[in-house]
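In what follows, chains are A, B, ... by sequence order, proteins preceding strands, each numbered from 1. Remember, it's a predicted structure, so these values are computed and weren't measured experimentally.
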There are 2 protein chains.
Amino acid sequence: MEPVTSSARGQQPGDVIKGDLRDLRVQLGMLNRHVGARLGLREVDLDCLDLVSRHGPLSPGALARQAGLHPATMTGILDRLERGGWLVRERDPADRRSVVLRVPPDRGREIAGLFTAANAAMDELFAGCTEDELQVIAGFLHRAVEAVRTAATGL
Amino acid sequence: MEPVTSSARGQQPGDVIKGDLRDLRVQLGMLNRHVGARLGLREVDLDCLDLVSRHGPLSPGALARQAGLHPATMTGILDRLERGGWLVRERDPADRRSVVLRVPPDRGREIAGLFTAANAAMDELFAGCTEDELQVIAGFLHRAVEAVRTAATGL
DNA sequence: CTCATATAATACGAGTATCGTAATATCTCC
DNA sequence: GGAGATATTACGATACTCGTATTATATGAG
């Protein structure tokens, strides 16, 4: 099996990092597709589910903005997710036009279970790092998220 | 504007990193969708184009395996990309069943231009890091790609 | 208080993508 | 030379995405 991620001959260390970030995106997408296949869901569905479970209860509109999707598309995604019981729609008592999305805790754990292998591999990676290194990585990633966000919304 | 990426109250530093990786994936996806919208392409199309341009000339089958897509799906994607002139199909002289995919250099630059803002933001991030820190980050990302790859194929 | 306007979510239809299967062309090995 | 394997693509059924219109509720002006 040949090494699939070349990204080797890039001169600048920054270029290597950029390439690895893109590869990581593709790989995480594949992981999502495989997990989704087990669950009868698609990549974008899992993304939305992940956003809801990590970034707290959200409205469909807010979720659509965060994911960069059309509100009507979000309706279809939520229909799929709700049909499978992965997520529930509740009326917001404060604004009855609005809806809040919530992931039942047991369902969340069920999904997390399929990511166990990936999580374990990551934890092993972390175990080989010093506290300072983890700090550097976390700081970088956090700022990278913001940088990409502003670049994306700037279009 | 409230901070959208919370990922703050996670206790373990590893959990923070995992959360940021997921957020980064979503944001890179949004960036891809926005850039794609300018070009009349979709997210997955740009992913494939990126894989071809960075991981050298590839066959459709190999590309489908790397991206985790059905070969027939890849045909549709390649049809779109070729119709727009983003990519050419050439017969492999060694194996005439096979096809090699190639991105015309000028088209590659055209696409890269739309990522200029994101690249600049990234470069600015790199400028604020020491050489050692970049080394740590690059090393981590590279191993993370491999970890996720094996976890994904393990399903 | 009433009405006009704005906002949130969804229904609906047109266009399009995805994927399983089958077909075609070529290679490899005996 | 022929049988089986492999790479790619054609085709059709199914399902998704997105623009627009619709319903329900909130907000502000008169």
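- Looking at heavy atoms from C-beta onward, B:V100 lies out of side-chain contact with B:L58 at the 4.5 angstrom threshold.
- Position along DNA chain C of the nearest nucleotide to B:H70 versus B:R83 favours B:R83 as the more 5'-ward residue.
- When the nucleotides C:dA9, C:dT18, D:dA10 are ranked by their closest atom to the side chain of A:P60, C:dA9 comes out on top.
- Nucleic acid contact class of B:G61 (heavy atoms, under 4.0 Å, all strands): sugar-phosphate only.
- In this structure, A:R89 reaches the sugar-phosphate backbone alone: every heavy-atom distance under 4.0 Å involves primed, P, OP1 or OP2 atoms, never a base.
- Residues A:D95 and A:L69 each lie close to DNA chain D; by heavy-atom proximity, the contact nearer the 5' end of the strand is made by A:L69.
- The minimum heavy-atom distance linking A:G36 with A:L46 is given by the pair N-CD1, 3.6 Å.
- Here B:R96 does not reach the OP1 or OP2 of C:dA25: none of its side-chain N or O atoms lies under 4.0 Å away.
- The distance from atom CZ of A:R91 to atom P of C:dA8 is 13 Å, rounded to the nearest whole Å.
- Regarding A:L78, its CG atom lies at a distance of 13 Å from the P atom of D:dC16, rounded to whole Å.
- In this structure, A:T73 reaches the bases: a heavy-atom distance under 4.0 Å links it to at least one base atom across the strands shown.
- A:I77 has its CD1 atom 12 Å from the P atom of C:dT10, to the nearest Å.
- Among the atoms of the strands shown, none is found under 4.0 Å from any heavy atom of A:V100.
- Tested against B:D23 for a side-chain hydrogen bond (donor to acceptor under 3.5 Å, both in side chains), the candidates A:H55, A:R149, A:H142 yield a single pass: A:H55.
- Contact annotation for B:S98: backbone-only contact, meaning every heavy-atom pair under 4.0 Å involves sugar-phosphate atoms and none involves a base.
- As a whole-Å value, the separation of A:E43 CD from C:dA17 P is 17 Å.
- Note that the CZ atom of B:R33 and the CZ atom of B:R42 stand 10.0 Å from one another [nearest 0.5 Å].
- Atom P of nucleotide D:dT6 and atom CG of B:D92 are separated by 17 Å, given to the nearest angstrom.
- Of the side-chain N and O atoms in A:R80, one or more sit less than 4.0 angstrom from OP1 or OP2 of D:dT17.
- Under the side-chain contact (heavy atoms from CB on, under 4.5 Å) test applied with B:V148, the options A:Q27, A:M30, A:R25 reduce to a single match, A:Q27.
- Donor-acceptor pairing under 3.5 Å, judged by distance alone, is absent between the side chain of B:R97 and the base of D:dT8.
- At whole-Å resolution of the value, CE in A:M74 and P in C:dA9 are 10 Å apart.
- Rounding to whole angstrom units, CG of residue A:L87 and C1' of C:dA9 are separated by 15 Å.
- Distance, A:E82 CD to C:dA9 C1': 13 Å, rounded to whole Å.
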